[in-house]
Amino acid sequence: MAYWLFKSEPHSFSIEDLMRRSPEPWDGVRNFQARNFLRAMKRSDLGFFYHSSCATPAIVGEVEVVREHYPDVTAWDPENHHYDRRASAANPIWSVVDVAFRARYREPVTLAALKACPELAGMRLLARGNRLSVLPVTETEWRIIRALAHAS
DNA sequence: GCCAACGTTGGC
DNA sequence: GCCAACGTTGGC
């Protein structure tokens with residue numbers, strides 16, 4: 001069992017969107033490192049859902065990986081914002097997993113709260129210059145953050 | 001809107 | 001293979 005963090009800008013795809021329609025493919029990832037994390041995910045792995053580029057960046061809930069990686073067809077669609085002309089059925093390049101909604105925190109665990117927690121100092125999300133939209137989370141981090149979420 | 005950090009591209 | 005230019009991300 002592994003743990004992950006999925007980043008999304010809520011104005012484009014929020015946890016409320018996932019609540020309305022779940023499971024959904026986590027598509028549009030166009031960074032090789034993030035893609036490799038998608039490919040490493042196993043069915044029943046759990047993840048945090050993080051809202052970025054918004055008024056209060058925060059972990060807002062939890063998701064579960066319900067289908068392991070398969071080709072991201074949005075990369076082949078010229079109409080799609082994430083179109084990649086190098087990608088095709090023969091050479092998919094990019095991958096998705098399906099994620100299902102699992103929980104929405106009554107009180108999100110804000111980025112400020114994460115930074116304020118000394119035990120989370122080593123978290124990849126908090127690393128300088130981090131921009132990956134899919135990140136691994138350690139089991140310890142998972143437990144600490146869950147405790148923060150349930151304490152509020 | 002600003003700016004730092006990073007990945008990618010393309011000329012050489 | 002180097003590296004400058006550029007585009008993107010994301011917090012503030």
Side-chain angles (χ1 to χ4, degrees), chain A residues 2-22 24-41 45-65 69-99 101-138 140-142 144-149 151-152:
Chain A
Y3 302 95
W4 308 93
L5 181 142
F6 295 83
K7 240 187 239 182
S8 183
E9 303 185 11
H11 64 82
S12 85
F13 186 74
S14 69
I15 195 160
E16 289 78 16
D17 294 324
L18 184 64
M19 288 171 77
R20 279 190 287 272
R21 196 169 60 172
S22 167
E24 273 283 278
W26 196 268
D27 60 23
V29 170
R30 296 293 180 266
N31 171 286
F32 287 104
Q33 225 181 320
R35 182 206 66 180
N36 293 342
F37 288 138
L38 289 176
R39 290 185 176 181
M41 291 178 187
D45 279 358
L46 299 174
F48 289 125
F49 196 122
Y50 178 83
H51 281 174
S52 68
S53 293
C54 56
T56 308
I59 292 173
V60 293
E62 297 172 14
V63 301
E64 178 179 338
V65 176
H69 75 91
Y70 58 100
D72 185 348
V73 298
T74 69
W76 320 341
D77 174 8
E79 303 299 309
N80 192 281
H81 178 63
H82 298 288
Y83 174 63
D84 181 347
R85 62 191 169 83
R86 299 169 300 174
S88 66
N91 181 27
I93 304 182
W94 305 111
S95 299
V96 301
V97 296
D98 284 355
V99 298
F101 172 80
R102 282 295 171 265
R104 181 174 179 269
Y105 296 148
R106 285 183 57 250
E107 293 293 334
V109 181
T110 65
L111 178 60
L114 296 172
K115 284 179 174 173
C117 182
E119 296 169 283
L120 296 175
M123 213 184 156
R124 283 190 77 148
L125 179 71
L126 305 179
R128 200 176 66 114
N130 159 65
R131 297 189 321 175
L132 290 181
S133 59
V134 179
L135 290 168
V137 168
T138 68
T140 305
E141 291 163 352
W142 180 265
I144 293 168
I145 293 166
R146 249 194 178 175
L148 289 176
S152 54

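Just so we're on the same page: letters track the sequence lines, and every chain starts at 1. In what follows, every heavy atom counts, from backbone to side chain, and hydrogens, waters and symmetry copies are set aside.
Each of A:Ser53 and A:Arg131 has a nearest nucleotide on DNA chain C; the 5'-most of these lies closest to A:Arg131.
By the 4.5 Å heavy-atom criterion applied to side chains, A:Ile145 and A:Met123 are counted as neighbours.
A perpendicular orientation is assigned to the rings of A:Phe13 and A:Trp26, their planes being inclined by more than 60° (bins at 30° and 60°).
Between A:Tyr70 and A:Trp94, a ring centre-to-centre spacing not shorter than 6.0 Å is recorded.
Listed by first and then second residue, the side-chain hydrogen bond (donor to acceptor under 3.5 Å, both in side chains) pairs involving residues 10-22 of chain A are A:Glu9-A:His11, A:Ser14-A:Glu16, A:Ser14-A:Asp17, A:Glu16-A:Arg104, A:Asp17-A:Arg20, A:Arg21-A:Glu24 (not counting sequence neighbours).
Protein chain A touches strand DNA chain B; the 5'-most and 3'-most nucleotides with an atom under 4.0 angstrom of its non-hydrogen atoms are B:dA5 to B:dT8.
Between the side chain of A:Arg124 and the backbone N or O of A:Pro136, no donor-acceptor pair lies under 3.5 Å.
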